[in-house]
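Quantities reported herein were computed from a predicted structural model and do not represent experimental measurements. Below, chain A is the first sequence line, B the second, and so on; all start at residue 1.
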Amino acid sequence: MHETALSESRTVRWGLIVIALGFLALFLVLPLIAVFAEALRRGVGVFVAAFADADTWAAIELTLLVAAIAVPLNLVFGLCAAWAVAKFAFPGRSLLITLIDLPFSISPVVSGLVYVLLFGAKGLLGPWLEDWDFKIVFAVPGIVLATIFVTFPFIARELIPLMQEQGTADEEAALTLGASGFRTFLTVTLPNVRWALLYGVLLCNARAMGEFGAVSVVSGHIRGLTNTMPLQVEILYNEYNFVAAFAVSSLLAGLAFVTLGAKSFLEWRHGDALAAIRRH
Amino acid sequence: MSAAAVTGWVPALRKPSALPGFGITLGFALTYLSLIVLIPLAVLVARAGELGLEGVWQVATQPRVLAALKVSFLTAAAASVINALFGAVVAWVLVRYEFPGRRLLDAAVDLPFALPTAVAGIALAALYATNGWIGAPFAPWGIKIAFTPLGILIALIFVGLPFVVRTVQPVLQDFDREVEEASATLGATRLQTVLRVVLPGLTPAILTGVALAFARAVGEYGSVIFIAGNIPFESEIAPLLIVTRLEEFDYAGAAALAAVMLAISFLTLLAINALQAFSRRRFGDA
Amino acid sequence: MSKSFGQTAAVHELDLAVRPGELLALLGPSGSGKTTFLRLVAGLEAPTEGRLLFGNTDATRLAVRDRRVGFVFQHYALFRHLTVAQNIAYGLNVRPARSRPAKAEIRRRVADLLDLVQLVGLDGRYPAQLSGGQRQRVALARALAVEPRVLLLDEPFGALDAKVRRDLRRWLRDIHDRTGHTTLFVTHDQEEALELADRVAIFNRGRIEQVGTPDEVLDRPATAFVASFVGEAVRLPVDAAGYWVRIGPHAVRTPGENVSGPAELFVRRGDLVVSDDRRHSIPARVLAVRRTGGTRRAELALADDLPSVEVDLPADSVVGKGDVLSVMLATVRLFSSRSVS
């Protein structure tokens with residue numbers, strides 16, 4: 001940087017950098033280090049032993065299952081919503097965009113609660129479900145529903161601004177060349193948004209695997225059956241089994257690392273394709 | 001509402017377009033949105049409505065509920081303000097200065113989005129407990145952080161940290177350097193330029209970030225309950241009280257409290273939209 | 001004065017004396033260093049070497065804010081969150097308390113400036129609510145408010161459409177004549193520079209090629225670059241010796257003595273006239289004839305492998321394609337090829 005009227009003095013510059021670094025170190029880096037330090041507090045042997053627990057494995061499996069259902073469903077929704085909202089003009093469009101973002105500003109506990117009120121034993125459809133002997137709350141379907149709710153906007157909100165910015169010219173060109181509507185979508189629209197799509201899937205998946213509040217409300221905490229990894233962390237922690245709690249946590253922190261790494265890579269490599277998201 | 005029905009009437013409402021698939025995609029999106037989000041939320045509102053406005057008011061003004069709302073509100077507000085301050089500094093440093101590790105730091109800002117809240121909760125509790133790395137030095141002074149409202153504040157700073165940084169960063173990136181140069185040629189000192197020109201330009205973004213962080217913080221559950229202590233009237237947050245009511249099978253009470261929380265979310269959302277609309281109108285962009 | 005960015009010299013050994021009260025245009029192609037020079041004067045860039053004098057005072061090391069220059073940016077650089085009046089008053093409001101005028105005085109100065117730039121009644125508007133031309137006028141008023149020692153305008157009309165440009169051009173000249181500020185303005189539009197300025201400094205590759213009145217740079221270009229850049233000239237490679245110039249196969253006698261050897265001849269429309277004087281003229285084949293306004297314009301080939309040149313003929317001329325005219329050089333702008341890089 002050249003010495004001009006627009007730069008602060010060295011002292012101010014380094015002062016601000018130190019403040020920023022200190023703040024981030026205190027609130028981001030230290031907690032992350034703490035997770036691994038606590039997990040390895042009694043050595044690698046105890047750390048590894050924490051994964052011998054069958055309930056922990058059941059929790060890992062359930063977490064993967066829930067994400068495997070919730071993410072694809074939200075992906076299909078995201079693509080449909082973005083297509084309708086970004087490629088067409090119709091009344092109520094901006095209201096729809098606001099509604100899609102709604103789950104972001106709702107407390108996770110409330111997100112879980114709505115399903116208890118709907119499907120719980122004393123809920124609206126509770127008695128009817130009981131007749132059919134089908135459990136949603138305190139069972140896997142409830143966990144899946146709550147996860148879908150909280151991860152609902154992730155993919156749609158990455159796609160909408162990008163597809164809006166890209167307009168409809170490419171698709172119209174493909175149609176005039178004789179491509180079918182679906183083929184146009186597959187060969188023109190999808191390649192144009194693939195990086196934003198991947199970005200959204202990444203964030204959606206991280207939240208789906210890590211969600212705690214909403215899932216906690218609908219899960220019922222039945223060991224080996226309705227515990228996801230974050231819930232297993234809570235149980236182990238409340239049993240004062242700290243090493244095991246932090247060991248499972250370290251897996252989730254690893255997931256966070258992978259997510260952030262992949263996200264940064266996408267931003268670095270395909271920043272242009274993602275720029276629209278940052279502008280909105 | 002089926003997709004076919006939507007196809008039937010919507011083309012009359014939308015502007016003509018050569019692209020296909022409007023009916024089916026909008027139909028699916030609306031159906032999915034309704035099933036997953038709107039209908040369950042409507043049930044919640046209806047459930048709270050059974051109590052009547054008066055009933056909701058009664059629930060909301062119970063001393064324990066009031067205390068929990070107050071704790072949630074005040075800690076969330078304090079955390080958002082602290083995040084506004086430091087978030088603006090972090091954004092400034094990331095955009096304006098070049099230093100080793102800048103990219104890594106930039107990536108790390110999103111950690112609270114990626115790290116499950118329960119993990120953050122137990123990690124912060126371990127750090128700030130009286131025997132933790134940060135808690136221990138404060139203990140001899142009689143300052144307890146974990147298991148007090150101070151702990152809640154710490155957790156909420158953590159979850160809200162990325163919001164201000166990420167709303168301010170792009171605005172600062174696109175900030176017209178010529179405007180700062182103009183200020184300098186007109187005789188302003190660097191501090192005057194930053195305070196009178198740059199900061200007002202960033203204010204809408206900072207406020208948006210604060211509102212987003214506040215909305216997130218006021219409803220936060222996972223990271224707080226491990227570090228909060230959860231003592232009624234002191235360190236019990238509103239979302240936890242909802243869970244407690246639910247465990248007592250007091251569905252109506254839980255619904256009423258949730259409705260209050262929902263109203264707060266709506267108001268915050270409304271405030272953000274109004275702010276952005278104002279800023280667009282007044283300054284010509286978002 | 002010199003300025004380098006890393007290894008590349010943006011402006012090189014510039015020496016320019018600006019007369020008090022004059023309106024000087026810095027003209028040149030993009031990347032020629034004119035904007036860098038303007039920013040050096042403003043203090044927005046620091047020179048690698050050299051000195052900047054305001055009158056007798058050395059301003060080289062003076063901070064931007066202490067230079068009292070009025071800088072008008074191409075894209076206005078208005079403060080979006082301040083009203084028109086607040087924008088104009090900004091430079092006065094940021095002064096330290098002891099030299100800041102009283103509130104009433106500031107209000108009065110703002111009112112005067114609004115009047116000067118013809119924006120009375122718009123003082124409460126925000127920049128986003130103004131047209132491009134109005135914004136540029138606010139920017140000028142804001143720069144004038146601090147009573148600058150020198151007014152610097154960087155492509156002030158560059159972002160405006162042609163009609164507004166022309167109006168503002170005349171208006172700027174008018175303001176300059178009324179306020180008498182020493183003014184430097186950067187432009188790449190020669191029409192703008194020639195119409196508006198008292199003198200023009202022509203920039204090329206970080207150097208000043210010539211400083212002079214519009215007449216001087218048009219009629220007596222100091223260098224081949226000036227000859228080709230100012231006015232639309234066709235460049236012809238020729239051989240020169242004494243009073244003679246050989247264009248292709250033909251030699252023509254010129255009004256003055258020339259350089260010798262390979263040279264570049266710059267021919268503008270109007271430099272060539274049709275003549276019967278065989279001794280001073282050369283034959284030119286008519287390639288095409290077009291009617292433009294009050295004249296008939298012929299495109300001529302002086303030789304097969306040379307670029308074509310144009311000559312204006314009377315509207316009633318019956319010359320057609322394929323005819324051969326004899327033309328002579330009324331004005332000669334000739335530069336030795338060695339001086340042309």
Q: Describe, in one word, how the ring planes of A:Y237 and B:F226 are oriented to each other, choosing from parallel (under 30°), tilted (30 to 60°) and perpendicular (over 60°).
A: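 Perpendicular: the ring planes of A:Y237 and B:F226 meet at over 60°.
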Q. Which class fits the ring pair A:F77 and B:Y32: parallel under 30°, tilted 30 to 60°, perpendicular over 60°?
A.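 The arrangement is parallel - the two ring planes meet at less than 30°.
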May I ask you to name which of [options] has the most heavy-atom pairs under 4.5 Å with chain B?
options	value
A:T176, A:L231, A:V76	A:V76
A:V248, A:L117, A:N238	A:L117
A:T259, A:L255, A:V114	A:V114
A:L32, A:V35, A:V29	A:L32
A:L202, A:L96, A:V116	A:V116

Side chains of [X] and [Y], heavy atoms from C-beta outward: is any pair under 4.5 Å?
X	Y	answer
B:L33	A:F152	yes
A:W14	B:Y97	no
A:L252	B:L115	no
B:W133	A:I33	yes
A:Y115	B:P40	yes
A:S107	B:V218	no
B:F86	A:F27	no

Side chain / backbone / both / neither for [X] at chain A, heavy atoms under 4.5 Å:
X	answer
B:L262	side chain
B:A120	neither
B:R102	neither

Q: Return yes if some donor-acceptor pair links the side-chain N/O of B:S265 with the main-chain N/O of A:S105 below 3.5 Å, else return no.
A: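 Confirmed, B:S265 side chain pairs with A:S105 backbone.
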Q) Between the side chain of B:Y251 and the main-chain N/O of A:G120, is any donor-acceptor distance below 3.5 Å? A)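 Such a contact is absent between B:Y251 side chain and A:G120 backbone.
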Which atoms form the tightest heavy-atom contact between [X] and [Y], and what is the distance?
X	Y	result
A:L28	B:V109	CD1-CA, 3.9 Å
A:C80	B:F28	SG-CD2, 3.5 Å
A:E8	B:W92	OE2-CZ2, 3.4 Å

I need the residue from [options] with the largest number of non-hydrogen atom pairs under 4.5 Å to chain A.
options	answer
B:L191, B:L246, B:L257	B:L246
B:I36, B:V93, B:V90, B:V43	B:I36
B:I225, B:T189, B:T117, B:V37	B:V37

Q. With respect to B:V119, which candidate in A:S250, A:P230, A:S249 satisfies the side chain to side chain contact (heavy atoms under 4.5 Å, CB included) definition?
A.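 Testing each of A:S250, A:P230, A:S249 against B:V119, the sole residue satisfying side chain to side chain contact (heavy atoms under 4.5 Å, CB included) is A:S249.
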